Amino acid sequence: MKAVTWHGQRDVRVEDVPDPFVEAPTDAVIRVTTTNICGSDLHLYEPLAPFMGVGNILGHENMGQVVEVGSECGDLKIGDRVSIPFQISCGHCWMCRQHLYTQCETTQVRDQGMGAALFGFSKLYGEVPGGQAEYLRVPQAQFTHIKLPEGPPDDRFAYLSDILPTAWQGVEYANVPEGGTLVVLGLGPIGDFACRIAQHKGFRVIGVDLVPERLERVRARGIEVVDLGEHEDDLGDAIRDMTGGRGPDSVLDAVGMEAHGSPATTFIQKAAGLLPKAISAPLMQTAGVDRLNALYSAIDIVRRGGTISLSGVYGGMADPIPMLTLFDKQIQLHMGQCNIKRWIPDIMPLLTDDDPLGCDTFATHRVPLSDAPEMYRKFQEKEDGVVKVQLKPEL
(Lines give C-alpha, C1' and ligand atoms only; values in the text may rest on other atoms or scores of the structure.)
Protein backbone atom coordinates (compact mmCIF):
# COMPACT_ATOMS: atom_id res chain seq x y z
CA MET A 1 0.00 0.00 0.00
CA LYS A 2 0.96 3.67 -0.26
CA ALA A 3 1.82 5.50 2.95
CA VAL A 4 3.33 8.78 4.15
CA THR A 5 6.66 7.97 5.81
CA TRP A 6 9.17 10.01 7.80
CA HIS A 7 12.76 10.24 6.54
CA GLY A 8 14.24 13.18 8.44
CA GLN A 9 13.62 16.76 9.44
CA ARG A 10 11.25 18.29 6.89
CA ASP A 11 11.48 15.14 4.79
CA VAL A 12 8.34 13.04 4.41
CA ARG A 13 7.72 10.78 1.43
CA VAL A 14 4.93 8.69 -0.05
CA GLU A 15 6.18 5.17 -0.70
CA ASP A 16 5.10 1.56 -0.88
CA VAL A 17 5.01 -0.32 2.43
CA PRO A 18 3.58 -3.73 3.44
CA ASP A 19 -0.18 -3.90 3.99
CA PRO A 20 -1.22 -4.15 7.66
CA PHE A 21 -3.05 -7.23 8.93
CA VAL A 22 -4.72 -8.48 12.10
CA GLU A 23 -1.94 -9.46 14.51
CA ALA A 24 -3.94 -9.92 17.72
CA PRO A 25 -7.55 -10.86 18.53
CA THR A 26 -8.34 -7.25 19.46
CA ASP A 27 -6.99 -5.84 16.17
CA ALA A 28 -8.99 -4.55 13.23
CA VAL A 29 -7.91 -3.15 9.87
CA ILE A 30 -9.65 -0.24 8.17
CA ARG A 31 -9.51 1.06 4.63
CA VAL A 32 -8.71 4.72 5.12
CA THR A 33 -11.07 7.10 3.32
CA THR A 34 -9.92 10.36 4.92
CA THR A 35 -6.82 11.15 6.98
CA ASN A 36 -5.70 14.62 8.01
CA ILE A 37 -2.43 16.44 8.55
CA CYS A 38 -2.51 17.74 12.11
CA GLY A 39 -0.55 20.58 13.67
CA SER A 40 0.96 17.93 15.95
CA ASP A 41 2.37 16.21 12.87
CA LEU A 42 4.45 19.34 12.34
CA HIS A 43 6.13 18.65 15.69
CA LEU A 44 7.36 15.39 14.19
CA TYR A 45 8.29 17.18 10.99
CA GLU A 46 10.89 19.24 12.86
CA PRO A 47 11.23 19.74 16.66
CA LEU A 48 10.53 16.14 17.73
CA ALA A 49 12.58 14.61 14.93
CA PRO A 50 15.05 12.99 17.38
CA PHE A 51 12.29 10.62 18.49
CA MET A 52 11.37 9.50 14.95
CA GLY A 53 12.65 6.56 12.95
CA VAL A 54 13.19 6.43 9.20
CA GLY A 55 10.16 4.79 7.63
CA ASN A 56 7.73 5.58 10.46
CA ILE A 57 4.21 5.93 9.01
CA LEU A 58 2.63 9.22 10.03
CA GLY A 59 -0.96 10.16 10.74
CA HIS A 60 -3.27 10.07 13.76
CA GLU A 61 -6.48 11.66 12.41
CA ASN A 62 -8.09 8.78 10.57
CA MET A 63 -11.44 7.45 9.46
CA GLY A 64 -12.61 4.77 7.06
CA GLN A 65 -14.33 1.43 6.69
CA VAL A 66 -13.55 -1.79 8.56
CA VAL A 67 -12.23 -4.51 6.25
CA GLU A 68 -10.89 -7.07 8.75
CA VAL A 69 -11.56 -7.81 12.43
CA GLY A 70 -9.99 -10.03 15.06
CA SER A 71 -11.98 -12.47 17.16
CA GLU A 72 -12.21 -10.13 20.20
CA CYS A 73 -13.38 -6.85 18.65
CA GLY A 74 -16.76 -6.73 20.37
CA ASP A 75 -19.57 -5.53 18.13
CA LEU A 76 -17.22 -4.05 15.52
CA LYS A 77 -17.78 -5.73 12.18
CA ILE A 78 -16.60 -5.63 8.58
CA GLY A 79 -18.27 -2.80 6.70
CA ASP A 80 -18.65 -0.47 9.69
CA ARG A 81 -17.82 3.16 9.02
CA VAL A 82 -15.61 4.42 11.83
CA SER A 83 -13.51 7.28 13.12
CA ILE A 84 -10.36 6.18 14.96
CA PRO A 85 -9.34 8.20 18.06
CA PHE A 86 -5.67 9.12 17.99
CA GLN A 87 -4.95 7.36 21.29
CA ILE A 88 -5.13 3.58 21.62
CA SER A 89 -7.10 2.61 24.71
CA CYS A 90 -8.63 -0.61 25.98
CA GLY A 91 -11.76 0.82 27.60
CA HIS A 92 -11.64 -1.46 30.66
CA CYS A 93 -8.52 -0.61 32.75
CA TRP A 94 -8.71 1.66 35.81
CA MET A 95 -7.65 4.77 33.87
CA CYS A 96 -10.14 4.12 31.09
CA ARG A 97 -12.91 3.68 33.66
CA GLN A 98 -12.04 7.21 34.86
CA HIS A 99 -12.41 8.40 31.23
CA LEU A 100 -8.66 9.14 31.16
CA TYR A 101 -8.14 7.31 27.90
CA THR A 102 -4.82 9.01 27.16
CA GLN A 103 -3.48 7.29 30.30
CA CYS A 104 -4.70 3.77 29.39
CA GLU A 105 -2.79 1.27 31.54
CA THR A 106 -3.01 -1.40 28.87
CA THR A 107 -1.21 0.62 26.19
CA GLN A 108 0.99 2.97 28.27
CA VAL A 109 4.45 3.32 26.74
CA ARG A 110 6.23 2.57 29.99
CA ASP A 111 9.77 2.34 28.61
CA GLN A 112 9.45 6.02 27.66
CA GLY A 113 7.56 7.03 30.79
CA MET A 114 4.62 8.15 28.67
CA GLY A 115 0.86 7.59 28.57
CA ALA A 116 -1.27 5.65 26.10
CA ALA A 117 0.18 4.68 22.74
CA LEU A 118 -0.73 6.98 19.86
CA PHE A 119 -1.01 6.33 16.16
CA GLY A 120 1.86 7.65 14.04
CA PHE A 121 3.53 9.60 16.81
CA SER A 122 7.18 8.66 17.36
CA LYS A 123 9.08 6.41 19.73
CA LEU A 124 7.72 8.43 22.67
CA TYR A 125 4.28 6.98 22.05
CA GLY A 126 5.01 3.47 20.88
CA GLU A 127 5.93 3.89 17.19
CA VAL A 128 2.51 2.56 16.15
CA PRO A 129 2.10 2.95 12.36
CA GLY A 130 -0.23 5.81 11.52
CA GLY A 131 -3.08 6.21 9.09
CA GLN A 132 -1.73 8.54 6.41
CA ALA A 133 -1.94 5.45 4.27
CA GLU A 134 -4.38 3.34 2.34
CA TYR A 135 -4.95 0.97 5.28
CA LEU A 136 -4.51 1.13 9.06
CA ARG A 137 -4.20 -1.58 11.70
CA VAL A 138 -6.16 -0.59 14.83
CA PRO A 139 -5.01 -2.24 18.09
CA GLN A 140 -7.55 -2.48 20.93
CA ALA A 141 -10.20 -2.07 18.26
CA GLN A 142 -12.95 -3.28 20.61
CA PHE A 143 -12.80 0.23 22.11
CA THR A 144 -10.55 2.32 19.85
CA HIS A 145 -13.22 3.32 17.38
CA ILE A 146 -16.26 5.55 17.00
CA LYS A 147 -19.06 4.12 14.87
CA LEU A 148 -20.45 6.57 12.33
CA PRO A 149 -23.70 6.68 10.40
CA GLU A 150 -23.80 6.12 6.68
CA GLY A 151 -24.82 9.01 4.48
CA PRO A 152 -23.14 12.30 5.44
CA PRO A 153 -19.79 12.96 3.73
CA ASP A 154 -16.50 12.31 5.48
CA ASP A 155 -16.05 16.02 6.21
CA ARG A 156 -18.83 15.85 8.79
CA PHE A 157 -16.91 13.34 10.91
CA ALA A 158 -13.30 13.83 9.77
CA TYR A 159 -12.30 15.71 12.91
CA LEU A 160 -13.71 13.36 15.56
CA SER A 161 -10.41 11.49 15.80
CA ASP A 162 -8.58 14.47 17.31
CA ILE A 163 -9.05 18.19 16.75
CA LEU A 164 -12.78 18.58 17.39
CA PRO A 165 -12.76 16.72 20.75
CA THR A 166 -9.39 18.34 21.58
CA ALA A 167 -10.90 21.78 21.06
CA TRP A 168 -13.97 20.73 23.05
CA GLN A 169 -11.85 19.51 25.96
CA GLY A 170 -9.80 22.70 25.78
CA VAL A 171 -12.92 24.81 26.20
CA GLU A 172 -14.23 22.55 28.98
CA TYR A 173 -10.88 22.72 30.77
CA ALA A 174 -10.90 26.53 30.44
CA ASN A 175 -13.77 26.62 32.94
CA VAL A 176 -15.31 29.78 31.48
CA PRO A 177 -18.05 31.08 33.79
CA GLU A 178 -21.52 31.81 32.44
CA GLY A 179 -21.35 35.02 30.45
CA GLY A 180 -17.56 34.98 30.67
CA THR A 181 -14.77 35.71 28.21
CA LEU A 182 -12.33 33.25 26.63
CA VAL A 183 -9.18 34.30 24.78
CA VAL A 184 -7.89 31.70 22.31
CA LEU A 185 -4.19 31.99 21.47
CA GLY A 186 -3.47 30.47 18.05
CA LEU A 187 -6.13 30.07 15.35
CA GLY A 188 -4.87 26.94 13.68
CA PRO A 189 -7.33 24.03 13.45
CA ILE A 190 -7.75 23.47 17.20
CA GLY A 191 -7.88 27.17 18.05
CA ASP A 192 -10.37 27.78 15.25
CA PHE A 193 -12.64 24.98 16.44
CA ALA A 194 -12.25 26.15 20.06
CA CYS A 195 -13.52 29.59 19.05
CA ARG A 196 -16.53 28.03 17.32
CA ILE A 197 -17.32 25.78 20.28
CA ALA A 198 -16.99 28.58 22.83
CA GLN A 199 -19.18 30.82 20.68
CA HIS A 200 -21.76 28.01 20.42
CA LYS A 201 -21.74 27.76 24.22
CA GLY A 202 -22.55 31.47 24.49
CA PHE A 203 -19.22 32.83 25.71
CA ARG A 204 -17.51 35.99 24.50
CA VAL A 205 -14.54 34.83 22.43
CA ILE A 206 -11.42 36.71 21.37
CA GLY A 207 -9.05 34.95 18.96
CA VAL A 208 -5.37 35.88 18.58
CA ASP A 209 -3.05 34.99 15.70
CA LEU A 210 -0.47 36.36 13.25
CA VAL A 211 -1.73 34.80 10.01
CA PRO A 212 -4.22 36.95 8.06
CA GLU A 213 -6.14 33.99 6.59
CA ARG A 214 -6.64 32.44 10.01
CA LEU A 215 -7.80 35.72 11.53
CA GLU A 216 -10.27 36.19 8.69
CA ARG A 217 -11.72 32.66 9.03
CA VAL A 218 -12.57 33.34 12.66
CA ARG A 219 -13.70 36.92 12.09
CA ALA A 220 -16.09 35.74 9.37
CA ARG A 221 -17.99 33.76 12.02
CA GLY A 222 -18.62 36.91 14.06
CA ILE A 223 -15.82 36.32 16.57
CA GLU A 224 -13.57 39.13 17.77
CA VAL A 225 -9.94 38.83 16.74
CA VAL A 226 -6.62 40.47 17.64
CA ASP A 227 -3.76 40.57 15.15
CA LEU A 228 -0.63 39.68 17.12
CA GLY A 229 1.42 41.44 14.44
CA GLU A 230 -0.08 44.72 15.61
CA HIS A 231 0.25 43.96 19.33
CA GLU A 232 3.35 41.82 19.73
CA ASP A 233 4.75 44.07 22.47
CA ASP A 234 1.49 44.98 24.19
CA LEU A 235 -0.86 42.01 23.75
CA GLY A 236 -1.73 41.81 27.43
CA ASP A 237 -2.58 45.51 27.58
CA ALA A 238 -4.66 45.26 24.39
CA ILE A 239 -6.68 42.35 25.77
CA ARG A 240 -7.16 44.07 29.13
CA ASP A 241 -8.43 47.17 27.30
CA MET A 242 -11.06 44.91 25.67
CA THR A 243 -12.08 43.35 29.00
CA GLY A 244 -12.63 46.29 31.31
CA GLY A 245 -9.02 46.36 32.50
CA ARG A 246 -9.32 43.05 34.36
CA GLY A 247 -8.43 40.53 31.68
CA PRO A 248 -10.41 37.51 30.44
CA ASP A 249 -11.76 34.80 32.70
CA SER A 250 -9.93 32.12 30.76
CA VAL A 251 -7.18 31.69 28.16
CA LEU A 252 -6.83 28.67 25.89
CA ASP A 253 -3.31 28.15 24.54
CA ALA A 254 -3.72 26.31 21.25
CA VAL A 255 -0.15 27.05 20.15
CA GLY A 256 2.25 25.07 22.34
CA MET A 257 5.86 24.56 21.32
CA GLU A 258 5.23 25.96 17.84
CA ALA A 259 4.90 29.48 19.26
CA HIS A 260 7.00 31.97 17.31
CA GLY A 261 9.90 33.79 18.87
CA SER A 262 12.45 32.57 21.44
CA PRO A 263 15.47 32.25 19.12
CA ALA A 264 17.49 30.42 21.77
CA THR A 265 15.07 27.51 21.97
CA THR A 266 14.63 27.52 18.20
CA PHE A 267 18.40 27.08 17.97
CA ILE A 268 18.33 24.20 20.48
CA GLN A 269 15.59 22.46 18.50
CA LYS A 270 17.49 22.79 15.24
CA ALA A 271 20.83 21.86 16.79
CA ALA A 272 19.35 18.78 18.44
CA GLY A 273 18.24 17.59 15.03
CA LEU A 274 21.84 17.57 13.85
CA LEU A 275 23.09 15.39 16.72
CA PRO A 276 23.11 11.58 16.94
CA LYS A 277 19.77 10.41 18.35
CA ALA A 278 21.39 8.93 21.45
CA ILE A 279 22.37 12.48 22.38
CA SER A 280 19.63 14.58 20.80
CA ALA A 281 16.61 12.77 22.27
CA PRO A 282 17.67 13.24 25.94
CA LEU A 283 18.58 16.85 25.13
CA MET A 284 15.10 17.48 23.72
CA GLN A 285 13.50 15.99 26.84
CA THR A 286 15.57 17.83 29.44
CA ALA A 287 17.16 20.97 28.01
CA GLY A 288 14.13 23.23 28.08
CA VAL A 289 13.32 23.31 24.39
CA ASP A 290 9.80 24.69 24.24
CA ARG A 291 9.07 28.10 22.77
CA LEU A 292 7.00 29.37 25.66
CA ASN A 293 5.84 32.73 24.30
CA ALA A 294 2.21 31.61 24.10
CA LEU A 295 2.20 30.27 27.65
CA TYR A 296 3.88 33.40 29.00
CA SER A 297 1.27 35.48 27.16
CA ALA A 298 -1.54 33.40 28.66
CA ILE A 299 -0.17 33.93 32.16
CA ASP A 300 0.03 37.68 31.56
CA ILE A 301 -3.39 37.99 29.91
CA VAL A 302 -5.67 35.91 32.15
CA ARG A 303 -7.39 37.71 35.00
CA ARG A 304 -6.49 36.99 38.60
CA GLY A 305 -8.23 33.83 39.72
CA GLY A 306 -8.73 32.77 36.11
CA THR A 307 -7.98 29.54 34.25
CA ILE A 308 -5.45 28.65 31.57
CA SER A 309 -6.25 25.65 29.41
CA LEU A 310 -3.32 24.16 27.50
CA SER A 311 -4.19 22.33 24.30
CA GLY A 312 -0.95 23.07 22.47
CA VAL A 313 1.71 20.37 22.76
CA TYR A 314 4.75 21.03 24.95
CA GLY A 315 7.75 18.73 25.02
CA GLY A 316 10.51 20.12 27.25
CA MET A 317 11.09 19.50 30.93
CA ALA A 318 13.44 22.27 32.06
CA ASP A 319 11.83 25.45 30.81
CA PRO A 320 11.52 28.34 33.30
CA ILE A 321 7.93 28.74 34.50
CA PRO A 322 7.02 31.96 36.37
CA MET A 323 5.71 30.18 39.44
CA LEU A 324 5.60 33.38 41.53
CA THR A 325 3.20 34.98 39.06
CA LEU A 326 1.08 31.82 38.75
CA PHE A 327 0.82 31.63 42.55
CA ASP A 328 0.25 35.34 43.11
CA LYS A 329 -2.47 35.56 40.45
CA GLN A 330 -4.07 32.35 41.77
CA ILE A 331 -4.17 30.92 38.25
CA GLN A 332 -5.53 27.45 37.59
CA LEU A 333 -3.83 25.34 34.92
CA HIS A 334 -5.63 22.49 33.18
CA MET A 335 -3.91 20.52 30.45
CA GLY A 336 -3.28 17.20 28.77
CA GLN A 337 -3.85 15.09 25.68
CA CYS A 338 -7.51 14.87 24.81
CA ASN A 339 -9.52 11.92 26.13
CA ILE A 340 -11.37 11.63 22.83
CA LYS A 341 -14.24 9.28 23.62
CA ARG A 342 -15.15 11.16 26.80
CA TRP A 343 -16.51 14.02 24.68
CA ILE A 344 -18.13 12.17 21.78
CA PRO A 345 -21.62 12.05 23.39
CA ASP A 346 -21.52 15.84 23.71
CA ILE A 347 -20.26 16.44 20.18
CA MET A 348 -22.26 13.98 18.06
CA PRO A 349 -25.59 15.82 18.48
CA LEU A 350 -23.96 18.85 16.82
CA LEU A 351 -22.94 16.89 13.73
CA THR A 352 -26.38 17.32 12.23
CA ASP A 353 -27.52 18.68 8.89
CA ASP A 354 -27.46 22.16 10.47
CA ASP A 355 -23.69 21.71 11.02
CA PRO A 356 -23.42 24.53 13.61
CA LEU A 357 -19.64 24.12 13.96
CA GLY A 358 -19.00 24.29 10.22
CA CYS A 359 -17.36 20.89 9.85
CA ASP A 360 -18.41 20.44 6.23
CA THR A 361 -16.44 23.51 5.12
CA PHE A 362 -13.64 23.41 7.69
CA ALA A 363 -10.92 21.90 5.47
CA THR A 364 -8.97 24.34 3.33
CA HIS A 365 -7.36 21.64 1.16
CA ARG A 366 -8.46 18.16 0.05
CA VAL A 367 -5.71 16.41 -1.89
CA PRO A 368 -4.50 12.92 -2.87
CA LEU A 369 -2.16 11.09 -0.52
CA SER A 370 0.61 11.66 -3.07
CA ASP A 371 0.51 15.41 -2.36
CA ALA A 372 1.36 14.94 1.32
CA PRO A 373 5.03 16.07 1.16
CA GLU A 374 4.11 19.38 -0.47
CA MET A 375 1.21 19.95 1.91
CA TYR A 376 3.43 19.32 4.94
CA ARG A 377 5.77 22.00 3.63
CA LYS A 378 2.98 24.49 2.99
CA PHE A 379 1.42 23.85 6.39
CA GLN A 380 4.76 24.34 8.13
CA GLU A 381 5.45 27.55 6.20
CA LYS A 382 1.82 28.77 6.56
CA GLU A 383 1.55 29.17 2.78
CA ASP A 384 -1.45 29.12 0.47
CA GLY A 385 -3.96 29.67 3.27
CA VAL A 386 -3.39 26.19 4.70
CA VAL A 387 -5.33 25.63 7.92
CA LYS A 388 -6.57 22.04 7.58
CA VAL A 389 -5.50 19.44 5.03
CA GLN A 390 -7.44 16.28 4.25
CA LEU A 391 -5.54 13.51 2.48
CA LYS A 392 -7.71 11.24 0.35
CA PRO A 393 -6.05 7.86 -0.40
CA GLU A 394 -8.65 7.08 -3.07
CA LEU A 395 -8.11 10.25 -5.12
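Computation of the quantities below employed the complete heavy-atom set of this structure, encompassing side-chain atoms and omitting hydrogens, waters and symmetry-equivalent molecules. Nothing fancy with the numbering, it's 1 onward along the sequence. Small disclaimer: the values here were computed from a predicted structure and weren't measured.
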Donor-acceptor check, side chain of [X] to backbone of [Y], threshold 3.5 angstrom: yes or no?
X	Y	result
Gln87	Ile340	yes
Asp237	Asp234	no
Gln169	Asn339	yes
Gln140	Ile88	no
Asp227	Gly229	yes
Glu68	Phe21	no
Ser89	Cys104	no
Asn36	Ala158	yes
Trp6	Leu44	yes
Thr34	Met63	no

Electrostatic pair [X]-[Y], nearest N-O below 4.0 angstrom:
X	Y	result
Asp300	Arg240	yes
Lys77	Asp75	no
Glu224	Arg219	no
Arg137	Glu23	yes

Look up atom [atom1] in [X] and atom [atom2] in [Y], then write down how far apart they are to the nearest 0.5 Å.
X	Y	atom1	atom2	result
Leu210	Glu230	CG	CD	10.5 Å
Ile299	Leu326	CD1	CG	4.0 Å
Gln142	Thr26	CD	OG1	5.5 Å

Nonpolar side-chain network containing [X], other nodes, edges under 4.5 Å:
X	result
Val22	Met1, Val17, Val29, Ile57, Val67, Tyr135
Met95	Trp94, Leu100
Tyr101	Phe143

If the condition is side chain to side chain donor-acceptor pair (under 3.5 Å), which residues does Asn175 pass it with, not counting sequence neighbours?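 Once residues adjacent in sequence are excluded, Asn175 has no partner under the side chain to side chain donor-acceptor pair (under 3.5 Å) criterion.
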Using the test side chain to side chain donor-acceptor pair (under 3.5 Å), find all partners of Arg214 that sit at least two apart in sequence or belong to another chain.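 Side chain to side chain donor-acceptor pair (under 3.5 Å) check on Arg214 returns nothing, list empty.
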Begin from the C-alpha positions of His365 and Asp384 and carry the test side chain to side chain contact (heavy atoms under 4.5 Å, CB included) through to its verdict. CA-CA 10 Å; His365 296 72; Asp384 194 26; 3.1 Å; yes
Identify the two heavy atoms, one from Thr35 and one from Asn62, that lie closest to each other, and give their separation to 0.1 Å.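 Shortest heavy-atom contact: OG1-OD1, 2.8 Å.
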Can you give me the closest heavy-atom contact between Ser83 and Pro85, atom names plus distance?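 Closest approach of Ser83 to Pro85, heavy atoms only: O-CD, 3.5 Å.
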Run the numbers on Asn56 and Thr5 for side chain to side chain contact (heavy atoms under 4.5 Å, CB included), then give the verdict. CA-CA 5 Å; Asn56 283 169; Thr5 58; over 6 Å; no
Joint hydrophobic cluster, [X] plus [Y], side-chain heavy atoms closer than 4.5 Å:
X	Y	value
Val128	Leu124	no
Ile321	Leu185	yes
Leu391	Val14	yes
Val208	Ile301	yes
Met323	Tyr296	yes

Over 12 foreign heavy atoms within 6.0 Å of [atom1], [X]:
X	atom1	result
Glu381	CD	yes
Arg246	CZ	no
Lys392	NZ	yes

Set of salt bridge (Lys or Arg N to Asp or Glu O under 4.0 Å) partners for [X], sequence neighbours left out:
X	value
Asp233	none
Lys2	Asp16
Lys388	Glu61

Enumerate donor-acceptor pairs with a distance under 3.5 Å from any side-chain N or O in residues 186-195 to protein atoms, sequence neighbours excluded.
| residue | atom | partner | partner atom | Å |
| --- | --- | --- | --- | --- |
| Asp192 | OD1 | Arg196 | NE | 2.7 |
| Asp192 | OD1 | Arg196 | NH2 | 3.4 |
| Asp192 | OD2 | Arg217 | NE | 3.0 |
| Asp192 | OD2 | Arg217 | NH2 | 3.2 |

Can a side-chain donor-acceptor contact be found between Glu46 and Gln380 if the only test is distance below 3.5 angstrom? yes
Any donor-acceptor pair under 3.5 Å linking the side-chain atoms of Gln390 with those of Tyr159?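 Distance-only check passes for Tyr159 and Gln390.
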Kindly say whether the aromatic ring centers of Tyr45 and Tyr376 come within a distance under 6.0 Å. yes
I want to know whether Tyr173 and His334 have ring centres closer than 6.0 Å.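 When the ring centroids of Tyr173 and His334 are compared, they turn out to be within the sub-6.0 Å range.
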For residues 91-108, which residue pairs qualify under salt bridge (charged side-chain N to carboxylate O under 4.0 Å, His left out), counting only residues two or more places apart or in two chains? none
Salt bridge (charged side-chain N to carboxylate O under 4.0 Å, His left out) partners of residues 327-338, not counting sequence neighbours, each pair once: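 Matches after skipping sequence neighbours: Arg304-Asp328.
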Leu164, Val82, Leu148 screened by side chain to side chain contact (heavy atoms under 4.5 Å, CB included) with Phe157, the one that passes: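 Single side chain to side chain contact (heavy atoms under 4.5 Å, CB included) partner of Phe157 among Leu164, Val82, Leu148: Leu148.
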Test side chain to side chain contact (heavy atoms under 4.5 Å, CB included) applied to Phe203 and Val171, Thr181, Ile197, the passing residue: Val171
Should Lys201 and Glu172 be marked as a salt bridge (Lys or Arg N to Asp or Glu O under 4.0 Å) after you check the CA-CA gap, both sets of side-chain angles, and the distance that decides it? CA-CA 10 Å; Lys201 289 176 174 285; Glu172 288 289 324; 3.0 Å; yes
Can you list the steps and then say if Val302 with Thr307 is a side chain to side chain contact (heavy atoms under 4.5 Å, CB included)? CA-CA 7 Å; Val302 72; Thr307 301; 5.8 Å; no
Please tabulate, for the side chains in residues 344-354, all donor-acceptor contacts under 3.5 angstrom to protein atoms that are two or more places apart in sequence or on a different chain.
| residue | atom | partner | partner atom | Å |
| --- | --- | --- | --- | --- |
| Thr352 | OG1 | Asp354 | N | 3.3 |

With side chains defined as the heavy atoms from C-beta onward, is the minimum distance between Val109 and Lys123 less than 4.5 Å?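 No; the side chains remain at least 4.5 Å from each other.
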